[in-house]
There are 2 protein chains.
Amino acid sequence: MKWHELGDMSCPVARSLAILGDRWTLLIIRNAFMRTRRFEDFQKQLGITRHLLSDRLSRLVDKNVLKKVMYQDSPKRYEYRLTEAGLALYPVILVLTQWGNTWLDENGKHPPLELVHKPCGHKTDSQLRCSECGEALHAKDMMPVVDTAAQR
Amino acid sequence: MKWHELGDMSCPVARSLAILGDRWTLLIIRNAFMRTRRFEDFQKQLGITRHLLSDRLSRLVDKNVLKKVMYQDSPKRYEYRLTEAGLALYPVILVLTQWGNTWLDENGKHPPLELVHKPCGHKTDSQLRCSECGEALHAKDMMPVVDTAAQR
DNA sequence: CTCGTAAGTTCCTTTTTAGAACCTAAGGAG
DNA sequence: CTCCTTAGGTTCTAAAAAGGAACTTACGAG
């Protein structure tokens with residue numbers, strides 16, 4: 001199977017990965033959440049080649065994850081900002097942060113990146129909870145159902 | 001920057017993506033959560049080339065996300081199962097599912113994949129909540145802190 | 001006129017991936 | 001015994017993607 005064919009699969013994970021599933025895209029989005037907006041800044045911070053950065057940013061704009069916003073008229077300059085769909089990726093960044101903190105520090109050489117939840121002032125470990133009953137969600141408790149009735 | 005160098009970065013997202021950030025790895029893990037365990041089954045279900053599947057499975061075993069378990073003695077046959085670290089990736093799969101359902105159905109042609117939370121019996125939209133105060137987490141409320149004191 | 005800046009684009013090399021064929025070890029049918 | 005099947009890979013070649021460095025364009029400052 002070729003990669004671009006994944007975007008049409010019925011599995012939402014496959015569709016998500018058709019956009020996000022490469023070496024750089026989620027790092028670009030991580031930096032976007034840290035308020036990086038300009039081509040040069042992404043390039044310097046990530047060490048990505050200019051070629052690839054250009055390609056990935058274009059794709060993210062095309063897929064409505066980022067939008068180009070003009071910030072200077074002459075010469076015209078644009079910066080990249082997260083759209084609503086892009087902002088909705090925050091949980092992805094957060095769960096990857098927590099997984100990396102928890103499981104990828106074999107030598108204990110990386111200080112954990114803690115996240116303070118400003119409204120309550122505490123260091124937080126995010127938890128995925130059921131929107132209906134509020135309990136923490138675990139793989140074994142979940143049953144997938146294809147909701148054909150909801151298809152428009 | 002070369003890809004393998006990412007594994008040593010202090011950012012936990014970069015370390016996570018050094019393992020998970022390619023076209024196939026998270027799809028392999030998605031299928032592992034759907035109880036796929038054998039080489040042939042992964043290959044048929046994903047349409048991945050055998051070469052790449054072999055490479056990715058080896059890497060996941062090496063990184064302690066999957067483990068090889070012998071299920072037949074003669075000839076020796078092994079299957080791949082999620083380790084504790086692998087099971088801890090469920091939130092990643094879940095948030096990618098929800099993002100794909102919500103944002104990647106431009107033509108309304110994909111029926112959403114609903115998830116029923118068996119303990120409460122309802123279709124659920126998972127929410128990320130603060131472990132300390134229980135409120136839903138949003139990017140703008142989070143402040144990263146490098147906890148050097150916790151470094152061993 | 002030259003320098004600097006932002007946002008790319010071009011060119012060439014190296015690395016990965018795709019796709020198909022081949023290998024190995026054991027078990028069973030004829 | 002010989003042939004076929006199964007599971008789990010490995011090998012080969014061609015195509016695609018990524019890396020790295022230099023070049024472009026459009027302006028403004030000195």
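All heavy atoms count here, side chains included; hydrogens, waters and symmetry mates do not. Note that the structure is predicted; figures quoted are calculated from it, not measured.
- Here the shortest heavy-atom pairing between A:H110 and B:M9 reads CE1-O, 3.4 Å.
- Note on A:W24: a side-chain N or O is less than 4.0 Å away from OP1 or OP2 of D:dG19.
- Both cation-pi conditions hold for A:R38 and A:Y71: the charged atom is under 6.0 angstrom from the six-membered ring centre and inside a 45 degree cone around its axis.
- B:I28 has its CD1 atom 14 Å from the P atom of D:dG8, to the nearest Å.
- In summary, of the residues considered (B:L82, B:V65, B:T25), a side chain to side chain contact (heavy atoms under 4.5 Å, CB included) with B:L89 occurs for B:V65 alone.
- Residues from residues 67-81 of chain A with heavy atoms under 4.0 angstrom of DNA chain C, sorted by number: A:K68, A:Y71, A:R77, A:Y78, A:Y80.
- Across all non-hydrogen atoms, the minimal contact from B:L115 to A:P144 is CD2-CA, 3.7 Å.
- A rotation axis mapping the C1' atoms of four pairs onto the next four is fitted at both ends of the helix from C:dC1-D:dG30 to C:dG30-D:dC1 over five pairs, and the angle between these axes is 10° to 10 degrees.
- Heavy atoms from other residues, nucleotides or ligands lying under 6.0 Å from CD of A:E84 number 12 at most.
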Indicate every side-chain donor-acceptor pair of residues 129-137 of chain A with a distance under 3.5 Å to a residue at least two apart or in another chain.
unit_1, atom_1, unit_2, atom_2, d
A:R129, NE, A:Q127, OE1, 3.3
A:R129, NH1, A:G134, O, 2.6
A:R129, NH2, A:Q127, OE1, 2.8
A:S131, OG, B:D125, N, 2.9
A:S131, OG, B:D125, O, 3.1

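- Applying the side chain to side chain contact (heavy atoms under 4.5 Å, CB included) rule to B:K68 yields the partners B:V61, B:Y78, B:Y80; only residues at least two apart in sequence or on another chain are considered.
- What separates CZ of A:R23 from C1' of D:dA16 is a distance of 13 Å, to the nearest Å.
- Side-chain contacts under 4.5 Å among hydrophobic residues (ILVMFWY), followed directly or transitively, place B:V116 together with A:M143, A:V145.
- A donor and an acceptor atom, one from each side chain of A:S58 and A:D55, are nowhere located under 3.5 Å apart.
- Annotation: proximity of residues 30-57 of chain A to DNA chain D (heavy atom, distance under 4.0 Å) is found for A:T49, A:R50, A:L52, A:R56, numbered in ascending order.
- Between A:F42 and A:T36 the shortest heavy-atom distance is CZ-O, 3.4 Å.
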